[in-house]
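To start, the structure itself, in structure tokens.
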There are 2 protein chains.
Amino acid sequence: MGRPPAKPSASLDRGLLPSLLGYVLRRAQSAVFDDFANTFDKAGEALTPGEFGLLVLVDRNAGLSQMALARALGIDRSTLVPILDRLQERGLLMRHRSPTDGRTHALALTPNGEKALARFARLVRAHEKRIASQLSAAEIRVLIDLLEKVHAGARSL
Amino acid sequence: MGRPPAKPSASLDRGLLPSLLGYVLRRAQSAVFDDFANTFDKAGEALTPGEFGLLVLVDRNAGLSQMALARALGIDRSTLVPILDRLQERGLLMRHRSPTDGRTHALALTPNGEKALARFARLVRAHEKRIASQLSAAEIRVLIDLLEKVHAGARSL
DNA sequence: GAGAATTTGTTTGATCCCCAAACAATCTCC
DNA sequence: GGAGATTGTTTGGGGATCAAACAAATTCTC
């Protein structure tokens with residue numbers, strides 16, 4: 001007597017997948033991303049997690065160059081260009097000319113960008129609260145700590 | 001006495017980012033992904049984490065339809081088509097005709113695909129060992145457990 | 001200081017992931 | 001048997017990503 005013959009509603013056999021850190025990480029990440037999108041959608045705002053991180057970085061490091069920003073984000077400088085274009089078109093950010101180095105752009109948020117970032121940060125906090133709703137404060141600390149370790153460990157090859 | 005004036009080598013001010021679960025998750029995920037790619041590159045194999053997950057799912061659920069697979073992967077069925085095309089061109093997987101339902105394809109690994117998957121699984125285990133090198137076995141269990149909770153919690157909206 | 005080498009931002013080209021909408025073939029339900 | 005749903009595919013549109021080539025500007029070298 002095998003198992004009930006493929007109840008279509010039953011979820012699949014995932015084999016070793018659930019024991020793989022990479023797999024579980026990817027699923028958690030995906031769920032978090034979905035909730036992020038949902039939070040901003042419902043609030044009538046349009047922003048990706050990557051864009052939020054970028055805005056925070058520019059806000060906290062005024063005058064940053066595109067190269068430095070690309071490096072901090074871990075992406076190629078050519079990838080950054082259309083992203084900045086879009087943010088600039090939305091009036092959130094500006095590329096100023098650097099007085100000291102004619103090659104670089106000094107990035108900065110516009111006043112509008114600052115106000116928008118404040119709104120975004122409020123939404124992100126609500127989002128964070130929601131995704132961590134099943135976890136205690138101590139568990140969140142542990143989780144972040146372990147994730148940092150993974151990041152540091154894998155990075156140091 | 002402010003801090004040393006913007007040593008370019010010093011890393012940026014990330015503001016609230018490091019305290020955000022979403023952010024830390026994304027960075028860990030990215031580091032893990034990089035190590036995965038690196039592991040397969042060095043072994044002369046070409047595979048993404050997503051493709052590995054797909055192959056495991058097909059292996060463990062022979063006769064699966066494309067719809068069921070897409071649902072399990074959390075992607076649209078139209079997204080799956082070119083992915084299967086590629087895997088099929090590589091001779092790892094086949095779309096058989098279902099005897100019971102003419103609309104669906106019964107997916108299965110080829111003998112070659114099975115052998116390749118065994119090789120891939122060995123590489124993935126080595127990769128997992130490496131990214132978890134900074135963590136104890138207990139920590140890994142805790143980490144996976146907490147990530148599952150995040151996944152379940154965010155999912156249940 | 002003049003020329004060579006490097007750095008920066010941009011453009012172009014390639015690959016990939018993703019979704020939505022439309023379509024034909026097939027199945028299901030009445 | 002016919003209406004409605006399901007399945008796989010195609011097409012169209014957004015983006016993310018990198019690599020390579022380029023012009024402008026800076027830095028290095030002599």
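So that the names make sense, note that chain A is the first sequence line, chain B the second, and so on, each numbered from 1.
Rounded to whole Å, atom P of C:dG9 lies 9 Å from atom CG of A:L64. Rounded to a whole Å, the CZ atom of B:R26 is 9 Å from the P atom of D:dT17. Taking atom CD1 on B:I75 and atom P on C:dC16, their separation rounds to 15 Å, with Å as the unit. Separating the CG atom of B:L87 from the P atom of D:dG8 is a distance of 16 Å, rounded to the nearest angstrom. Here the C1' atom of nucleotide C:dG9 and the CG atom of A:L80 are 10 Å apart, to the nearest Å. Counting to the nearest Å, the C1' atom of D:dG15 and the CG atom of A:L84 are 15 Å from each other. Rounding to whole angstrom units, CG of residue A:L54 and P of D:dT17 are separated by 11 Å. Per the geometry, CG belonging to A:D85 stands 13 Å off P belonging to C:dG9, to the nearest Å.
For D:dT6, the OP1/OP2 oxygens have no side-chain nitrogen or oxygen of B:Q66 closer than 4.0 Å.
Under the salt bridge (Lys or Arg N to Asp or Glu O under 4.0 Å) criterion, A:E148 pairs with no residue, sequence neighbours left out. Taking the ring-ring contact (aromatic ring centres under 6.0 Å, His included) definition, one finds that B:F33 meets it with nothing, sequence neighbours left out. The salt bridge (Lys or Arg N to Asp or Glu O under 4.0 Å) check on B:R141 picks up nothing, with sequence neighbours excluded.
Taking CZ of A:R86 as the start and CG of A:L93 as the end, the distance is 12.0 Å to the nearest 0.5 Å.
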Run the side-chain donor-acceptor check on residues 16-28 of chain A: report pairs under 3.5 Å with partners two or more places apart or on a different chain.
from: A:S19; atom 1: OG; to: A:L16; atom 2: O; distance (Å): 2.7
from: A:Y23; atom 1: OH; to: A:R14; atom 2: NE; distance (Å): 2.7
from: A:Y23; atom 1: OH; to: A:R27; atom 2: NE; distance (Å): 3.4

Could you pull out all donor-acceptor pairs under 3.5 Å where a side-chain atom in residues 100-109 of chain A meets a protein atom, sequence neighbours excluded?
from: A:T100; atom 1: OG1; to: A:S98; atom 2: OG; distance (Å): 3.4
from: A:D101; atom 1: OD1; to: A:R103; atom 2: N; distance (Å): 3.0
from: A:D101; atom 1: OD1; to: A:R103; atom 2: NE; distance (Å): 3.1
from: A:D101; atom 1: OD2; to: A:R103; atom 2: NH2; distance (Å): 2.8
from: A:T104; atom 1: OG1; to: A:D101; atom 2: O; distance (Å): 3.3
from: A:H105; atom 1: ND1; to: A:Q66; atom 2: OE1; distance (Å): 3.1

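Ring geometry, A:F36 versus A:H127: the interplanar angle exceeds 60°, so the pair is classed perpendicular (tilted spans 30 to 60°).
Within the nucleic acid shown, B:S65 comes within 4.0 Å of sugar-phosphate atoms alone, with no base atom in reach, counting heavy atoms only. At a threshold of 4.0 angstrom between heavy atoms, the contacts of B:R86 are confined to the sugar-phosphate backbone, with no base atom among them.
Of the candidate nucleotides C:dC17, C:dT10, C:dT8, C:dC17 has the atom lying nearest to any side-chain atom of B:I83.
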Query - Annotated protein contacts, base or backbone, on nucleotides 20-30 of chain C with a non-hydrogen cut-off under 4.0 Å, one of B, S, - each - result: BBB---BS---
